[in-house]
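The structure appears right after this line, and notes come after that.
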Amino acid sequence: MTRLRTWLAFVMLVGIFVMAVTVLVVLVAVLVWFLRHGVNAVVLGAFTSGVAFIVVMSLRRVLRHDSLERTGVPLLPTDQPELWATVRRAADGVGTRAPDEIRLVQDANASVMEDSRWLGLVGGLRVLHIGVPLFQTLTRNQMLFVLSHEMGHYSERHTALSGVTRRGMVALGQTVDDLGPRTVLGRIFGGYYELYAKVLLSIRRRQELDADRWAAELAGSEDGIAALRTIVETALTYEEFSRDYALVGVSIGLAPQALFGGYSEFLSDPLRTPLAVDALIAAEQPAPSDTHPLTSRRISRLHERRILMDQSTLSYVDESALLLLHDAVAVTTAVENLMWKNNSLVAVPWKDLFTRGARRRTEERALQVMSAFDDLGPDPANLNDALSAVAHGSGPDVIRLLAGGPVPEEETLPFVREILAVLVSAAFLSSGQASYVLRWDRADVLVDEAGVEVDVEALVVDLPGNGAAAEWLMKFLEGEGISRQWSPALSGTRTGLG
């Protein structure tokens, strides 16, 4: 069945060429007929040439050979013998050859790519990319499942045609855009694109389930299910960690030293609210463009085959997958250094990064918020103007300006309080009365000079629609050395390498 699906994708790929050649032949035949009957075919000739160019470019996109993007830090077999042994074990277990290279990357993901040629029929350089966050969150045996899954895509030639079939989708989509989706030819190519995408995505989802099955036969269904749950959690937590912490200083050219050490501390902080992973998995919604089945379906399939797969003689190892790496600190630091070098960023200690980066982020947000208040009147707004405007009912108007359109009524009040908190936080920062402190459970902790947290949310909670609250807050801020005429501004300059 797997081979049948793969060849169906290939046949449909060939169909792109058949369609393109047919269109070209018909256009040329029509042009020749007009010329033989003495009809001035200048316009038709120009049209034919334009369409022919679009179609030929579509075929070129399919046939084009793209070299592999080899990112990250290479891990040599001589330097990482245990990891390579595990990868080879995974490849042997699913009946395919091991990768030629293993590269360590920063993403919370793992993937295998091959530099295949001749429409994917001739294999080439095979590269495995593994993200450091997976080493930090998976056990050794869960990593075996992940590696076996990735290598399983090359069993029974799962991905022999994946690169060129993906290019076929891209080429068809671009051709439809070039021809115009409402033109006759655009509708013809568009209809084929929809059918092609439906078949190809169905094949790829089935391949994911096949790869899970082969991987579980090596690592066991229990570790397979645990790996799938952990990957969901890792993807979400690493995204949150990157957004709220690791990338906070990018606009001023700063990055953290010990990036992945910070992620480890973030995960282990006892005050951080853990994710409800099972609820998140249950709430996943399918999308027509998904190349993977829902995680809940993948887990369900492993549950169905649990008895068969758990008869494996493999022992389950609960040790961290980081133990697969020799000198893990050195190789993960090499990944960090490469990231910061490629992005022209200077690595500084976490405390320094967060204090400076979080301040700059708040200042940038405050400038954006105040610009919306500026649009409410003829003159540039200041803090007093902003507080007064919200107190007198203009908050929803500002929210519409910031959002670029209407906002649901139930979201308006929280949004108004949020933008007020941004302005007040920026005012505290500029006065020198407060600064941000690094806390892994919350990324917005502002403390005064004595180290006591400034509860900005409590200061602004009653202000919308309340003139007395606005005046009280303004007097309170004046007592902290903040002028009524205060307006946000950026502090400092970019400090990166670029």
Side-chain angles (χ1 to χ4, degrees), residues 248-249 251-252 254 351-403 412-439 442-495:
V248 71
S251 66
I252 52 175
L254 299 180
K351 182 178 179 181
D352 187 24
L353 166 80
F354 195 78
T355 300
R356 297 167 63 183
R359 172 171 180 164
R360 182 58 170 254
R361 177 178 59 190
T362 298
E363 291 170 345
E364 291 170 349
R365 290 174 177 173
L367 282 170
Q368 182 182 16
V369 169
M370 194 62 86
S371 68
F373 283 103
D374 289 343
D375 292 340
L376 295 180
D379 301 316
N382 55 39
L383 182 60
N384 190 71
D385 296 331
L387 298 184
S388 297
V390 172
H392 290 88
S394 296
D397 297 328
V398 175
I399 298 306
R400 281 192 292 272
L401 289 171
L402 290 171
T412 299
L413 184 58
F415 201 166
V416 170
R417 288 170 175 158
E418 180 183 336
I419 65 171
L420 289 173
V422 168
L423 289 178
V424 172
S425 296
F428 270 112
L429 290 166
S430 68
S431 71
Q433 300 298 314
S435 61
Y436 279 108
V437 63
L438 178 62
R439 288 253 312 254
R442 286 191 291 136
D444 58 351
V445 179
L446 201 64
V447 298
D448 61 20
E449 293 175 306
V452 177
E453 182 174 353
V454 180
D455 193 345
V456 178
E457 291 183 1
L459 292 175
V460 303
V461 66
D462 295 327
L463 196 148
N466 188 334
E471 183 59 28
W472 175 87
L473 178 57
M474 196 63 254
K475 289 181 178 179
F476 174 80
L477 294 175
E478 284 182 313
E480 298 294 322
I482 299 170
S483 168
R484 288 176 179 264
Q485 282 70 49
W486 175 86
S487 290
L490 297 180
S491 60
T493 58
R494 180 176 171 85
T495 58

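All residue numbers refer to positions in the sequence shown, counting from 1. Because only heavy atoms are used, hydrogens play no part in the values below, and waters and symmetry mates are left out as well, while side chains stay in. Please read these numbers as outputs of a predicted model, since none were measured by experiment.
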Using side-chain contact (heavy atoms from CB on, under 4.5 Å), reason through Thr362 and Asp444 one step at a time and then give a plain yes or no. CA-CA 9 Å; Thr362 298; Asp444 58 351; over 6 Å; no
Apply the test side-chain contact (heavy atoms from CB on, under 4.5 Å) to residues Leu387 and Leu420: give CA-CA distance (whole Å), side-chain angles for both, the deciding distance (0.1 Å), then the verdict. CA-CA 8 Å; Leu387 298 184; Leu420 289 173; 3.9 Å; yes
Taking it one step at a time, do Val447 and Ser435 satisfy side-chain contact (heavy atoms from CB on, under 4.5 Å)? CA-CA 6 Å; Val447 298; Ser435 61; 4.3 Å; yes
Decide side-chain contact (heavy atoms from CB on, under 4.5 Å) for Leu490 and Arg360; before the verdict, give the C-alpha distance in whole Å, the side-chain angles of both, and the deciding distance to 0.1 Å. CA-CA 7 Å; Leu490 297 180; Arg360 182 58 170 254; 3.6 Å; yes
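In plain terms, the two heavy atoms of Glu363 and Ser491 that are nearest each other are OE2-OG, 2.8 Å. Closest non-hydrogen pair, Asn382 versus Ser487, comes out as CA-OG, 3.6 Å. Shortest non-hydrogen contact noted between Met474 and Ser483 is CE-O, 3.9 Å.
Between the CG atom in Asn466 and the CG atom in Leu473 there is a gap of 11.0 Å [rounded to 0.5 Å]. To the nearest 0.5 angstrom, Arg356 atom CZ is 5.5 Å from Ile252 atom CD1.
Looking only at side-chain heavy atoms (C-beta outward), Ile419 and Ile399 come within less than 4.5 Å of each other. Side-chain contact check for Val398 versus Val416: every heavy-atom pair is 4.5 Å or farther apart.
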Show me the donor-acceptor pairs within less than 3.5 Å that the side chains of residues 365-380 make with the rest of the protein, sequence neighbours left out.
unit_1 : atom_1 : unit_2 : atom_2 : d
Ser371 : OG     : Gln368 : O      : 2.5
Asp374 : OD1    : Ala381 : N      : 2.6

N/O donor to acceptor pairs below 3.5 angstrom from side-chain atoms of residues 449-464, sequence neighbours left out:
unit_1 : atom_1 : unit_2 : atom_2 : d
Glu453 : OE1    : Arg442 : NH2    : 3.0
Glu453 : OE2    : Arg442 : NH1    : 3.0
Glu453 : OE2    : Arg442 : NH2    : 3.0
Asp455 : OD1    : Ala458 : N      : 3.2

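Partners of Ser430 under the side chain to side chain donor-acceptor pair (under 3.5 Å) rule, at least two apart in sequence or in another chain, are Trp486. Residues satisfying the salt bridge (Lys or Arg N to Asp or Glu O under 4.0 Å) test with Arg484, not counting sequence neighbours, are Glu471, Glu478. Residues satisfying the side chain to side chain donor-acceptor pair (under 3.5 Å) test with Ser431, not counting sequence neighbours, are none.
The ring pair (Phe, Tyr, Trp, His ring centres under 6.0 Å) contacts involving residues 459-479 comprise Trp472-Phe476, where partners must be two or more places apart or lie in separate chains.
Between the side chain of Glu480 and the backbone N or O of Phe428 there is no donor-acceptor pair closer than 3.5 Å.
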